[in-house]
Participant: 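Following this message is one structure expressed as structure tokens.
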Amino acid sequence: MSEPVPEKPAPARPELDETPPLLGSWRNIYVVVLGNLALLVLIFWLLTRAFN
Amino acid sequence: MTSIDWIVLVGTIAAIAAYGIYKTRNIDTSAGYLKGDGELRWPTIGLSIMATQASAITFLSVPGQAYEDGMRFVQFYFGLPIAMVIISAVIVPIYYKLNVFTAYEYLEQRFDPKTRVLGALLFMTGRGLAAGISIYAPAIILSSLMGWDLNATNLILGAVVILYTVSGGSKAVSQTQKQQMIVIMGGIITAAIVIAYRLPDDVGVTTAATLAGAVGRMNVIDFSFDPDTRYTFWSGITGGLFLALSYFGTDQSQVQRYLGGKSITESRLGLLFNGMLKIPMQFLILFIGILVFVFFMFERPPVFFNQPTLDAAYATEHAPELQAIEARWTEAFEARKQTALALTAAETPAAEAEARAALQAAHGRMDALRDEAKAVIKTAVPTAELKDSDYIFVSFVLKYLPTGLVGLLLAVILSAAMSSTASELNALGSTTVVDLYKRLLRPDADDRHTLRASKIATAFWGGVAVAFATFAALLDNLIEAVNILGSIFYGVILGIFLVAFFVKRVGGTAVFLAAVVAQLGVVALYFSVDIGYLWFNVIGCVWVIVLSLLIQAVLPRARPKPAEEA
């Protein structure tokens with residue numbers, strides 16, 4: 001396959017460094033998502049212990 | 001099915017398709033068609049991502065899986081929230097900075113054109129076949145249970161999806177998926193409430209969980225390291241992460257959903273919304289299967305849930321054997337019902353332990369009779385598929401749910417089929433035009449031409465999907481064949497992207513050669529070694545990474561590309 005002429009990269013979109021609308025930083029939001037996972041695992045563990 | 005159910009079913013499906021076409025009637029640019037003009041907000045993106053992943057099989061299979069195997073399948077999704085965080089933090093900013101239309105476009109900016117084309121072709125091969133299965137899998141089950149014509153079901157389902165996907169492109173897909181997810185979530189929550197309500201008066205949700213747990217169905221989490229156990233916390237958090245990174249980070253049917261965001265914030269929030277809600281949603285769908293399981297502790301279940309196959313077996317000389325098994329099945333069911341009632345009435349720990357042991361024994365007798373019935377069915381109808389778990393939930397819906405709700409639940413299943421198929425067709429059309437047609441054949445095409453080509457490509461893939469779904473009925477085990485094919489390609493695709501994102505010193509030629517060699521190696525492995533096909537994902541990925549590093553070591557150092565600085 002012959003290599004075509006390289007495409008010129010499209011201009012970058014401007015809105016790359018927006019802060020999230022809540023919790024102040026993306027790091028805090030990621031902590032909430034991972035904390036939610038940990039909470040779900042804890043609840044599932046309790047359910048398994050209680051019923052299985 | 002009553003006329004009210006038909007009105008609910010057809011009305012829901014038609015209204016969603018009409019809404020998608022109406023909302024996108026003014027799309028007249030290729031950017032609008034391929035990325036939805038970049039104006040989607042996070043709730044639409046999040047629901048669209050969830051709808052793309054939730055196929056009809058999710059609602060047909062998952063409750064049945066809980067019925068047969070318990071809740072442990074939920075652990076498969078434990079890696080997903082972690083993958084959402086990684087994609088939000090690392091991958092989304094790269095795609096945004098380069099302003100790409102497809103994931104494979106990034107591969108050219110990071111490597112070279114040939115790696116981009118290779119990635120696009122690998123994706124199109126696997127996803128093109130999967131789109132046909134997204135239509136065929138629910139159609140085969142619904143047509144056999146409802147007495148619908150299979151080809152007509154394939155054709156109508158495919159035609160509706162093609163209509164709004166071709167008409168409105170990515171924005172129509174996202175807008176309709178938002179409505180479809182509302183129907184899906186509303187439908188499954190309503191179903192859970194109605195099923196719980198249909199349990200005996202003294203059996204609440206907690207008692208139902210106790211009864212299910214007594215026979216091992218509340219095995220939500222398992223921290224053991226047993227490699228023979230398919231679903232554990234550890235396999236979910238590692239293997240699930242691996243698969244979710246691959247699917248959400250590199251598969252255009254998902255990437256296209258969040259690239260249409262109004263800003264990087266909206267895209268990230270949409271992904272993280274999925275990271276928060278996916279596990280609870282899967283838990284709820286599995287728990288519906290548990291409620292159905294407990295319901296059938298008090299209502300006699302069929303010995304085999306695939307009624308058309310059971311009928312076919314009854315039409316042979318093996319009918320007397322099946323009748324004898326059914327008579328013993330009824331006795332075993334009554335015995336299990338009494339032990340279940342005894343467990344719900346037990347007031348002391350000793351009585352509870354005794355009732356629990358009796359319930360386990362009674363349940364074991366029913367399991368043995370079910371196996372016996374399956375053996376007779378296999379003898380009577382040698383071509384019969386003995387896995388009937390996909391039929392459990394839909395059989396329950398058709399027989400026990402009230403008028404109106406049957407139509408709603410069928411709308412849920414068909415909405416899920418349409419939402420995943422629409423994303424696939426949309427992604428296949430975009431990749432065909434952006435990565436192949438416009439890149440290799442018509443780089444000077446104007447916007448009007450690109451828009452028309454995108455619509456034609458989407459319609460073409462829709463036709464391929466419907467044709468494949470029709471052809472699928474002629475072959476045995478086709479779904480498994482497509483899953484195997486997907487596993488053979490996806491590991492290599494993920495390997496290419498992981499090298500692109502994380503191994504900056506590897507250049508285009510090294511990763512291209514590594515991918516070709518790894519792909520040939522995986523194909524050779526498939527024909528020579530008997531291993532579970534899911535392992536091809538891991539093997540293909542690892543081979544690409546290792547081989548590209550080795551090849552790069554003997555090649556001149558790669559020239560930095562703009563994407564490497566992203």
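Bear in mind that the values here come from a model prediction, so they are computed numbers and not experimental data.
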Participant: Locate the shortest heavy-atom distance separating A:W26 from B:R268; write the atom from each residue and the value.
Facilitator: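 Shortest heavy-atom contact: NE1-NH1, 3.1 Å.
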Participant: Please examine the side chains of B:L269 and A:P21, heavy atoms only from C-beta on, and report whether any two atoms are closer than 4.5 Å.
Facilitator: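 Of all side-chain heavy-atom pairs linking B:L269 with A:P21, at least one is under 4.5 Å.
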Participant: Got A:Y30 and B:S88 here, is their nearest side-chain heavy-atom distance under 4.5 Å?
Facilitator: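 Touching, per the 4.5 Å side-chain cut-off.
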Participant: Any heavy-atom pair between the side chains of B:I237 and A:L37 that's under 4.5 Å?
Facilitator: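 A side-chain contact under 4.5 Å exists here.
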Participant: Kindly say whether the aromatic ring centers of A:F44 and B:F283 come within a distance under 6.0 Å.
Facilitator: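 Centroid separation for A:F44 and B:F283: below 6.0 Å.
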Participant: With respect to chain A, which residue among B:P81, B:A214, B:P443, B:A212 yields the maximal number of heavy-atom pairs within a distance under 4.5 Å?
Facilitator: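 The option with the most such pairs is B:P81.
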Participant: If you look at every heavy atom in B:G275 and A:N36, which pair is closest and at what distance?
Facilitator: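 Looking at all heavy atoms of both residues, the shortest contact is O-ND2, 4.4 Å.
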Participant: Are any non-hydrogen side-chain atoms of A:V32 and B:M276 less than 4.5 angstrom apart?
Facilitator: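 Yes, close enough: below the 4.5 Å cut-off.
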Participant: Please tell me if the side chains of A:W45 and B:F223 come closer than 4.5 Å, counting only heavy atoms from C-beta onward.
Facilitator: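 Yes, close enough: below the 4.5 Å cut-off.
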Participant: If I measure from the heavy atoms of chain A, does B:R217 come under 4.5 Å with its side chain, its backbone, both, or neither?
Facilitator: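 For B:R217, backbone heavy atoms alone lie under 4.5 Å from chain A.
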Participant: Among A:L46, A:N52, A:L40, A:T48, find the residue that satisfies the side chain to side chain contact (heavy atoms under 4.5 Å, CB included) test when tested with B:V220.
Facilitator: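 Running side chain to side chain contact (heavy atoms under 4.5 Å, CB included) over A:L46, A:N52, A:L40, A:T48 with B:V220 returns exactly one hit, A:T48.
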Participant: Using non-hydrogen atoms only, which part of B:V74 is less than 4.5 Å away from chain A: side chain, backbone, both, or neither?
Facilitator: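 Side chain only.
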Participant: I need the minimum non-hydrogen distance between B:T206 and A:F51, along with the two atoms involved.
Facilitator: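 Looking at all heavy atoms of both residues, the closest pair is O-CE2, 3.6 Å.
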Participant: Below 4.5 Å from any heavy atom of chain B, which atoms of A:I43 appear? Answer side chain, backbone, both or neither.
Facilitator: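 Neither part, no heavy atoms under 4.5 Å.
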